[in-house]
Participant: 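Structure below; questions to follow.
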There are 2 protein chains.
Amino acid sequence: MTTEPAEAGRDPEAVSKFVEGFAAQLVEAGMQRMPARVFAALLASDSGSLTSAELGESLRVSPAAVSGAVRYLSQQHMVAREREPGSRRERYRVHSNQWYEALTNREAVLKRWESALREGVASLGPDTPAGRRMAETLAFFEFVDGEIAAMMERWRVHREKTFGAG
Amino acid sequence: MTTEPAEAGRDPEAVSKFVEGFAAQLVEAGMQRMPARVFAALLASDSGSLTSAELGESLRVSPAAVSGAVRYLSQQHMVAREREPGSRRERYRVHSNQWYEALTNREAVLKRWESALREGVASLGPDTPAGRRMAETLAFFEFVDGEIAAMMERWRVHREKTFGAG
DNA sequence: TCTTAACTTCACAAGTTTCTGAAAGTAGCG
DNA sequence: CGCTACTTTCAGAAACTTGTGAAGTTAAGA
């Protein structure tokens with residue numbers, strides 16, 4: 001028996017159209033192509049999770065490509081890997097209600113920008129025009145850090161009201 | 001007479017170190033290399049603006065490369081182009097206090113994601129599990145749209161207090 | 001109107017990234 | 001303890017990206 005269709009009763013054409021379209025947007029925003037396609041496929045799956053074989057089949061790519069994409073996505077905390085009990089297959093899962101919170105966990109990125117700017121202020125001098133510009137930019141990022149945390153708190157409240165407990 | 005040093009009295013080594021380091025962070029975050037370097041150079045300049053020739057010289061790249069990078073940056077509203085009066089040179093300027101606001105003008109990006117998700121909800125059906133997941137993701141992005149606008153308003157107030165009128 | 005400084009566009013070479021098939025590694029299950 | 005199903009790693013081919021030189025375009029100033 002070949003891989004069974006975990007997602008029956010859906011128009012594969014419509015699914016594929018969404019997957020490729022959404023992936024294209026992610027690519028445009030800077031994500032690599034294969035991770036973007038894998039992620040979009042998971043997002044469009046009813047169960048929110050697919051096996052490596054299912055991903056390879058529906059995207060028409062090799063297991064190696066799936067492996068690489070999934071490694072990237074789990075490093076970014078955008079998918080979780082889980083082992084199917086009593087099987088040697090792995091499933092990759094998008095945390096429905098939390099994946100997009102990972103988008104706001106650009107914290108690491110912000111921190112590195114801040115650190116580069118801090119060095120710049122120090123080495124060019126805080127009293128030079130360039131130093132002052134960088135200091136203000138730095139202040140902005142520090143401000144954003146704090147605001148994002150507060151925003152996510154408000155989102156959780158908002159979400160609760162709109163969608164109920166997830 | 002060759003291009004005159006618009007930025008005298010600074011340690012070119014220190015400037016270059018900052019430029020390359022900050023550019024590397026921008027690249028990591030998804031920006032192309034040359035736009036990142038050009039942008040970092042502008043950010044590190046005392047006047048906040050450099051000519052094409054100055055950029056080419058300090059980054060050691062051809063006029064063609066500068067041209068391409070600047071086109072990209074101005075499309076992203078990260079730099080403005082201005083013509084030096086009485087000259088055929090152009091200057092490229094980073095709007096000290098507003099460039100990073102362009103970062104939050106990822107509005108176009110968000111809008112395209114939203115539109116892709118809306119199509120997905122429609123084509124997979126709002127009552128399917130996948131459709132519901134996408135609808136919630138969509139709601140999150142719509143929420144973020146509004147929050148970012150409010151956040152920038154708060155930033156302007158905060159900035160005023162900290163740095164005074166810009 | 002002509003000259004010429006400055007910017008832009010274009011075709012291509014060099015460099016980088018991405019995906020594949022094949023080989024190696026890992027872990028259920030008998 | 002070995003077999004086998006699955007996943008990962010790796011070297012290399014193919015596709016894409018990036019930066020260059022050279023030709024083309026624009027516009028300031030005489």
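Reckoned from all heavy atoms, side chains included, excluding hydrogens, waters and symmetry mates. As the structure is a prediction and not an experimental result, all values here were calculated from the model. Per chain, numbering begins at 1; letters A, B, ... match sequence-line order.
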Participant: Please report the distance, rounded to the nearest Å, between OH in B/Y72 and C1' in C/dC7.
Facilitator: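 Interatomic distance, OH of B/Y72 to C1' of C/dC7: 21 Å.
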Participant: What class does the angle between the rings of A/F140 and B/Y100 fall in, given that below 30° is parallel, 30 to 60° is tilted and above 60° is perpendicular?
Facilitator: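 The arrangement is parallel - the two ring planes meet at less than 30°.
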Participant: Using whole Å, what does the distance between atom P of nucleotide C/dT18 and atom CZ of A/R37 come to?
Facilitator: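 Computing the A/R37:CZ to C/dT18:P distance gives 14 Å.
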Participant: With respect to the phosphate group of C/dT9, does any side-chain polar atom (N or O) of B/R71 fall under 4.0 Å of OP1 or OP2?
Facilitator: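 Answer yes for this pair, as a side-chain N or O of B/R71 is under 4.0 Å from OP1 or OP2.
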Participant: Just the rounded figure in Å: distance from C1' of D/dT17 to CD of A/E28.
Facilitator: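 In whole Å, D/dT17 C1' and A/E28 CD are 15 Å from each other.
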Participant: In whole Å, what is the span from the CE atom of B/M34 to the P atom of C/dT16?
Facilitator: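 Between P of C/dT16 and CE of B/M34: 13 Å.
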Participant: For A/V61, which contact category applies under a 4.0 Å heavy-atom criterion: base, sugar-phosphate, or nothing?
Facilitator: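 Sugar-phosphate contact only - A/V61 comes under 4.0 Å of backbone atoms but never of a base.
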Participant: Would you tell me whether B/Y92 and B/E82 have side-chain atoms, one donor and one acceptor, within less than 3.5 Å of each other?
Facilitator: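 There is no such pair (donor and acceptor under 3.5 Å, judged by atom type) between the side chains of B/Y92 and B/E82.
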Participant: Mind checking if B/G68 touches a base, just sugar-phosphate, or nothing, with heavy atoms under 4.0 Å?
Facilitator: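 B/G68: no heavy atom of the nucleic acid under 4.0 Å.
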Participant: Give a yes or no answer on whether the side chain of A/T128 reaches the backbone of A/G125 with a donor-acceptor pair at less than 3.5 Å.
Facilitator: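 A pair under 3.5 Å: yes.
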Participant: Please state whether the rings of A/F18 and A/F22 are parallel, tilted or perpendicular, taking 30° and 60° as the class boundaries.
Facilitator: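 Parallel.
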Participant: Between B/R33 (CZ) and C/dT16 (P), how many Å, whole number?
Facilitator: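 Rounded to whole Å, this separation is 8 Å.
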Participant: Check B/H77, B/H95, B/R156 against B/E101 for a side-chain hydrogen bond (donor to acceptor under 3.5 Å, both in side chains) and give me the one that passes.
Facilitator: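 Checked B/H77, B/H95, B/R156 against B/E101; only one passes side-chain hydrogen bond (donor to acceptor under 3.5 Å, both in side chains): B/R156.
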Participant: Please give, in whole Å, the distance from C/dT20 P to A/L59 CG?
Facilitator: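 From A/L59 CG to C/dT20 P: 10 Å.
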Participant: Do any N or O atoms of the protein come closer than 3.5 Å to N or O atoms of nucleotides 4-7 of chain D, and which pairs are they?
Facilitator:
unit_1: D/dT4; atom_1: O2; unit_2: A/R88; atom_2: NH1; d: 2.9
unit_1: D/dA5; atom_1: O4'; unit_2: A/R88; atom_2: NH1; d: 3.0
unit_1: D/dC6; atom_1: OP1; unit_2: A/R89; atom_2: NE; d: 3.1
unit_1: D/dC6; atom_1: OP1; unit_2: A/R89; atom_2: NH2; d: 3.4
unit_1: D/dC6; atom_1: O3'; unit_2: A/R88; atom_2: O; d: 3.4
unit_1: D/dT7; atom_1: OP1; unit_2: A/E90; atom_2: N; d: 3.1

Participant: When the distance from CG of B/L55 to P of C/dC7 is rounded to whole Å, what number comes out?
Facilitator: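 From B/L55 CG to C/dC7 P: 10 Å.
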Participant: Report the residues that fulfil side chain to side chain contact (heavy atoms under 4.5 Å, CB included) with B/R88, sequence neighbours left out, ordered by chain and then residue number.
Facilitator: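 Once residues adjacent in sequence are excluded, the partners of B/R88 under the side chain to side chain contact (heavy atoms under 4.5 Å, CB included) criterion are B/R83.
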Participant: To the nearest Å, how far apart are A/M31 CE and C/dT17 P?
Facilitator: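 That distance rounds to 18 Å.
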Participant: Quick check: does any side chain N or O of B/R112 sit under 3.5 Å from a backbone N or O of A/E28, one acting as donor and the other as acceptor?
Facilitator: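 It does not hold such a pair.
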Participant: Mapping B/G86 and B/A64 to their closest nucleotides on DNA chain D, which lands nearer the 5' end?
Facilitator: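 It is B/A64 whose nearest nucleotide is closer to the 5' end.
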